[in-house]
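Here is the structure we will look at, set down as structure tokens.
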Amino acid sequence: MRILVLGSGAREHAIIAALLAEGGHEITAAPGNAGIKRDVEAVRVDIKSPKLVAELAVEGGYDLVVIGPEAPLVAGVADALREVGVPAFGPTKAAARIEGSKSFAKDVMARAGVPTGIDQTATSMDEVRAALDATKPPYVLKADGLAAGKGVIVTDDRAAAEAHAEAFLPDGPLLIEEYLDGPEVSLFVLTDGEAVMPLAPAQDYKRLGDGDAGPNTGGMGAYSPLPWLAQRFGSEQAFVDEVVETVAMPTIRAMADAGTPFSGLLYCGLIVTASGVKVIEFNARFGDPETQVVLPRIESGFADALLAAANGTLGSAAPLTWRDSAAVTVVLASEGYPAEPVTGRVITGVDEAAKVEGVHVLHAATGEGEQGLTATGGRVLNVVGTGATLAEARERAYAALGRISLEGGQARTDIAAGA
Ligand code: AMP
Ligand code: GLY
């Protein structure tokens, strides 16, 4: 298959790595990053421009375009691709609102009967205060629109909750949501708008520091599978079946009923509470960094499944086959991340790290300079360890990370340790 992958992060590098591992595909990235460019051809294009992406896709004669990040989806890139007859993996602009607007997502969940936290909408500080008065801490406040992961606060501190509201109210309404207590799980579900194909669950580490201390980040590591989940539900499959039945299918049906069928990847962000599995968010795309640990576990059928989701033929597609393996990814971030990452520093040891058995290194924000590889952003590299068990995958990931040097670099030391 000739495949164009849009995006420039470690998630897109992971998608490309999975397609390369499958073999038999000709892959182009747009715009990619320094690591992706070591693996495949990359072209420059403004991926948020529906017109330019559609032109590129037609000229390149691609069989499939995989849209990585949310911004092009929200801009209508999938719509433009469908208009010119190029299969696009990713929802339309209208359907991507399930990620772009928290209140839209809440409406869909209410119609679909999907379990989620009770919430109130506030459009003024008076309403915010009234809603906080009616809630007990920890307080959960969410900006309605896309806020690059910064729109959500979970805090016991009433003043911090109000300050967050002050900061985000000018951009639109806020949701004040019931706090859901329990471990988080991300489940990715491929869909063509009718049929679904769930992937393996993964867990993300959102906080910067060990033991979940420090600020929220884009994600500092992840692992899959989740043995504790299998224990709790009898098997991982039992959990996946429950989420498909109570969350994914009702949501997909409600989206279709509303005239905004959702195809692509429905990312179910879940909390396993004492009173059942509940949704904290939907995303309209692969999660980062969970993708980096889910995809290496797929043995075959990935590209065909993506194409079937894009083409509306997922119901008759061959099922994916999975390896009986585990994967752990540890993120290496720049000094100062997430507030003010220091960029431009030299990175060494990446090739040495990749020589560790079962390890590959994905690039998130790197550049190729005169001194070699440099860090160009907050999250810089994802070291992925795979192995027969989580313990082996974790040991390999950390052994490889130990070979990489980045002045001031930050990484958690406890990814998958508790699992
Ligand atoms: P989001 O941007 O929606 O992924 O939220 C960021 C993080 O806030 C999530 O990964 C959770 O750790 C936390 N969070 C969001 N909503 C809730 C909730 N209702 N209860 C507890 N934690 C939450
Ligand atoms: N892993 C969180 C996200 O992709 O939004």
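For reference, positions follow the sequence shown, starting with 1. Counting convention: from 1, in listed order, for ligands and their atoms alike.
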One residue to check: [X]. Relative to ligand 1, which of side chain, backbone, both or neither has a non-hydrogen atom less than 4.0 Å away?
{"X": "Lys278", "result": "neither"}
{"X": "Val154", "result": "side chain"}
{"X": "Glu184", "result": "side chain"}

NZ/Lys206: more than 12 non-hydrogen atoms of other groups inside 6.0 Å: yes
Number the atoms of ligand 1 from 1 as they appear, then name those within less than 4.0 Å of a heavy atom of [X], with their elements.
{"X": "Leu180", "result": "18 (C), 19 (N), 20 (N), 21 (C)"}
{"X": "Tyr179", "result": "20 (N), 21 (C)"}
{"X": "Lys206", "result": "4 (O), 9 (C), 10 (O)"}
{"X": "Lys142", "result": "3 (O), 15 (C), 16 (N)"}
{"X": "Lys102", "result": "2 (O), 3 (O)"}

Does a donor on one side chain and an acceptor on the other come within less than 3.5 Å for [X] and [Y]?
{"X": "Thr123", "Y": "Glu127", "value": "yes"}
{"X": "Gln410", "Y": "Tyr337", "value": "no"}
{"X": "Tyr267", "Y": "Glu290", "value": "yes"}
{"X": "Thr413", "Y": "Asp210", "value": "yes"}

Taking every non-hydrogen atom, the tightest pair across Ala200 and Glu236: CB-OE1, 4.3 Å
Ala54 to Leu81 - nearest heavy-atom pair and separation: CA-CD2, 4.0 Å
For Gln237, all residues meeting side chain to side chain contact (heavy atoms under 4.5 Å, CB included), sequence neighbours excluded: Ser235, Val240, Asp241
Side chain to side chain contact (heavy atoms under 4.5 Å, CB included) against Asp181, all qualifying residues, sequence neighbours excluded: Tyr179
Atom 2 (C) of ligand 2: the protein heavy-atom neighbour that sits closest, reported with distance to 0.1 Å: Tyr267 OH, 3.2 Å
Heavy atom of the protein closest to atom 5 (O) of ligand 2 (residue, atom name, distance): Arg285 NH2, 2.9 Å
Would you mind listing which atoms of ligand 2 come within a distance below 4.0 Å of any non-hydrogen atom of [X]?
{"X": "Asn283", "result": "5 (O)"}
{"X": "Asp204", "result": "1 (N), 2 (C)"}
{"X": "Gly287", "result": "4 (O)"}

Polar proximity ligand 2 side, Lys206 side, N/O cut 3.5 Å exclusive: no
Within-cut-off N or O pair, Glu290 and ligand 2, under 3.5 Å: yes
Expected output: side-chain Asp414 to main-chain Ala417 donor-acceptor under 3.5 Å: no
